[in-house]
Colleague: 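Pasting a structure below so you can have a look.
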There are 2 protein chains.
Amino acid sequence: MDSKKNEIIEKAGSVFMKYGIKSVTMDDIARELIISKKTLYQYFEDKNDLVIEIIKNKTLSDKCICDDTSKNAKNAIEELFEVSKYVSQMMSGIHPSIFFDLKKFHPEAWKIIYNHKWDFVYQLILQNIERGISEGLYRNDVHKEIVAFFYVSTTDLIADSDFLYKNKFTSDEIFKENILFHLHGLMNEKGKEIFNQII
Amino acid sequence: MDSKKNEIIEKAGSVFMKYGIKSVTMDDIARELIISKKTLYQYFEDKNDLVIEIIKNKTLSDKCICDDTSKNAKNAIEELFEVSKYVSQMMSGIHPSIFFDLKKFHPEAWKIIYNHKWDFVYQLILQNIERGISEGLYRNDVHKEIVAFFYVSTTDLIADSDFLYKNKFTSDEIFKENILFHLHGLMNEKGKEIFNQII
DNA sequence: ATTTTTGGAAACATTTTTTGTTTTTTTTGT
DNA sequence: ACAAAAAAAACAAAAAATGTTTCCAAAAAT
């Protein structure tokens with residue numbers, strides 16, 4: 001891909017994440033990137049196209065990071081812990097208004113995120129559970145599809161919950177607790193010993 | 001003030017803070033509050049009026065909390081520490097897109113915040129410095145106007161800085177460091193001893 | 001040095017979205 | 001049963017943004 005186009009995708013992504021997708025106009029993007037709107041439209045058909053490209057770029061990047069993290073993990077626990085840490089940190093940095101705007105004004109881009117979660121992340125958790133059971137670190141009576149469903153669903157709940165706005169916790173703290181809770185639900189005794197060496 | 005009106009102000013404020021001021025329409029507000037738009041317009045002239053009332057309510061509430069905090073503080077250091085803790089926590093919870101939207105679409109409400117900072121908060125810091133000097137806890141060669149200016153300015157910088165988006169710190173962490181830095185810039189030796197008893 | 005091409009800035013016409021208002025329907029209170 | 005109030009739906013107007021075109025300046029090519 002054209003490196004100029006890629007630079008626009010990265011930078012525009014940052015501006016949208018910071019100030020909101022609906023609120024930030026193509027005029028604002030051009031101004032922030034110090035290019036003219038005409039130049040911007042040479043690379044992207046319209047605003048929706050730009051937003052979709054940004055989301056595609058982001059989900060692809062997430063996949064790569066998660067794949068690397070999985071490969072480098074010594075066992076299922078470390079894999080789940082490190083992947084979850086990455087996902088949590090990333091989600092903590094995304095304000096709920098971003099998802100609100102995507103859903104309302106860019107349904108196609110929203111669909112990409114939705115599919116990313118239910119295809120990629122869900123599968124990743126499923127495979128992690130299989131790995132954990134075969135490594136003898138997870139309880140072998142775990143119903144893996146339900147747990148994977150629970151994992152993906154609670155990530156959404158936390159990101160959009162009013163709980164944050166009514167209490168003094170940061171989303172970071174809540175995500176952290178969620179990781180711990182989830183891991184403790186999966187591990188057997190042997191797994192817990194391994195886990196205590198990681199922390 | 002009418003308690004129904006106040007309830008709308010509180011709840012609408014929460015919705016705007018969560019999903020963005022520009023993005024959230026009056027239709028959305030009515031839906032979230034489970035009232036009709038017609039009812040909403042019985043209490044507020046227009047969207048701008050609602051936004052202004054929300055901001056007024058918020059800055060007034062901030063004033064009360066800061067006043068209480070100041071009154072209850074045993075000395076200037078505790079006062080500044082507790083007020084700063086409150087301000088930091090509050091600012092950490094506000095996404096930059098909120099300020100972006102206020103500035104762009106509701107300049108009158110933006111002005112209220114701006115004045116709140118440069119009238120109320122600035123004066124509060126000035127008075128705290130005077131208090132600290134007269135209590136013998138701050139260095140008495142502090143140039144109080146410049147320090148107060150610096151305090152108010154860095155709060156803005158942190159809230160809007162790209163630094164957050166490029167690094168792993170949370171705004172919470174950065175605000176915390178800022179409080180410590182600021183206090184250490186003000187205190188004399190006696191003050192530092194008092195401070196170490198608070199932490 | 002001159003000409004051509006490219007990109008920026010500004011202006012513009014069109015589209016989209018939201019606003020604020022009005023009408024219709026439903027619910028509530030007496 | 002009737003009147004009043006609130007909700008839901010429809011509506012006209014306004015505002016904002018989009019995407020396109022024009023004009024101009026700067027950069028590149030000759």
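Here is the naming used below: chain letters follow the sequence lines, and residue numbers restart at 1 for every chain.
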Colleague: Just do the side chain to side chain donor-acceptor pair (under 3.5 Å) check on A/Tyr86 and A/Asp62 with the steps written out, would you?
Modeller: CA-CA 9 Å; A/Tyr86 168 72; A/Asp62 284 350; 2.5 Å; yes

Colleague: Classify the angle between the aromatic ring planes of A/His95 and B/His95 as parallel (below 30°), tilted (30 to 60°) or perpendicular (above 60°).
Modeller: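 Answer is parallel, since the angle falls under 30°.
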
Colleague: Checking contacts here: which listed nucleotide (D/dA17, C/dG7, C/dT18) is nearest the side-chain heavy atoms of A/Ser36?
Modeller: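 Within the option list, the nearest is C/dG7.
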
Colleague: Using heavy-atom distances to pick each residue's nearest nucleotide on DNA chain D, tell me which of B/Phe105 and A/Glu45 is more 5'.
Modeller: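 Between the two, 5'-proximity favours B/Phe105.
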
Colleague: Please classify the nucleic acid contact of A/Gln42 as base, sugar-phosphate, or nothing, using heavy-atom distances under 4.0 Å.
Modeller: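 Contact class for A/Gln42: sugar-phosphate only.
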
Colleague: Could you state the OH-C1' distance from B/Tyr41 to D/dA7, rounded to the nearest angstrom?
Modeller: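 Going from OH in B/Tyr41 over to C1' in D/dA7 covers 16 Å.
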
Colleague: Could you check which nucleotide pairs with D/dA17 in any of the strands shown, counting Watson-Crick or G-U wobble with both distances under 3.5 Å?
Modeller: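 For D/dA17, the partner nucleotide comes out as C/dT14, under the 3.5 Å rule.
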
Colleague: Both distances under 3.5 Å, Watson-Crick or G-U wobble: report the partner of C/dT30, or none.
Modeller: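 Checking every strand shown, C/dT30 finds its partner in D/dA1, with both distances under 3.5 Å.
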
Colleague: Does the C/dG20 base have a donor-acceptor partner in the side chain of B/Lys37 within less than 3.5 Å?
Modeller: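 Under the 3.5 Å cut-off, the side chain and the base do form a donor-acceptor pair.
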
Colleague: Does A/Lys47 reach a base, just sugar-phosphate, or nothing at all? Heavy atoms under 4.0 Å.
Modeller: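 Sugar-phosphate: the residue A/Lys47, judged by heavy atoms under 4.0 Å, touches backbone atoms but no base.
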
Colleague: Round to a whole Å and report the spacing from CD1 of B/Ile21 to C1' of D/dA16.
Modeller: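 Spelled out: CD1 on B/Ile21 to C1' on D/dA16 is 17 Å.
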
Colleague: Identify whether any heavy atom of A/Ile34 sits under 4.0 Å from a base atom; if not, whether one sits that close to sugar-phosphate; answer base, sugar-phosphate or nothing.
Modeller: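 Since only primed, P, OP1 and OP2 atoms lie under 4.0 Å of A/Ile34, the category is sugar-phosphate.
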
Colleague: Within this structure, what is the CE-to-P distance between A/Met26 and D/dA16, rounded to whole angstrom?
Modeller: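 Atom-to-atom, A/Met26 to D/dA16, this comes out as 20 Å.
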
Colleague: Round to the nearest Å and state the distance from A/Phe100 atom CZ to C/dT17 atom P.
Modeller: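 Atom CZ in A/Phe100 sits about 13 Å away from atom P in C/dT17.
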
Colleague: Hey, which sits more toward the 5' end of DNA chain C by its nearest nucleotide, B/Asp28 or A/Asp27?
Modeller: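 Nearest-nucleotide comparison on DNA chain C picks A/Asp27.
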
Colleague: On the nucleotide D/dA16, are OP1 or OP2 found under 4.0 Å from the side-chain N or O atoms that A/Thr25 carries?
Modeller: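 No, because none of the side-chain N or O atoms of A/Thr25 sits under 4.0 Å from OP1 or OP2 of D/dA16.
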
Colleague: Is it the case that the side chain of A/Thr59 and the backbone of A/Ile55 share a donor-acceptor pair, with hydrogens and angles ignored and the cut-off at 3.5 Å?
Modeller: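 Here the side-chain-to-backbone pair exists.
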
Colleague: For ring pair (Phe, Tyr, Trp, His ring centres under 6.0 Å), just list the numbers for A/Trp110 and A/Phe105, CA-CA rounded to whole Å, side-chain angles, deciding distance to a tenth of an Å, and then say yes or no.
Modeller: CA-CA 9 Å; A/Trp110 172 252; A/Phe105 303 110; over 10 Å; no

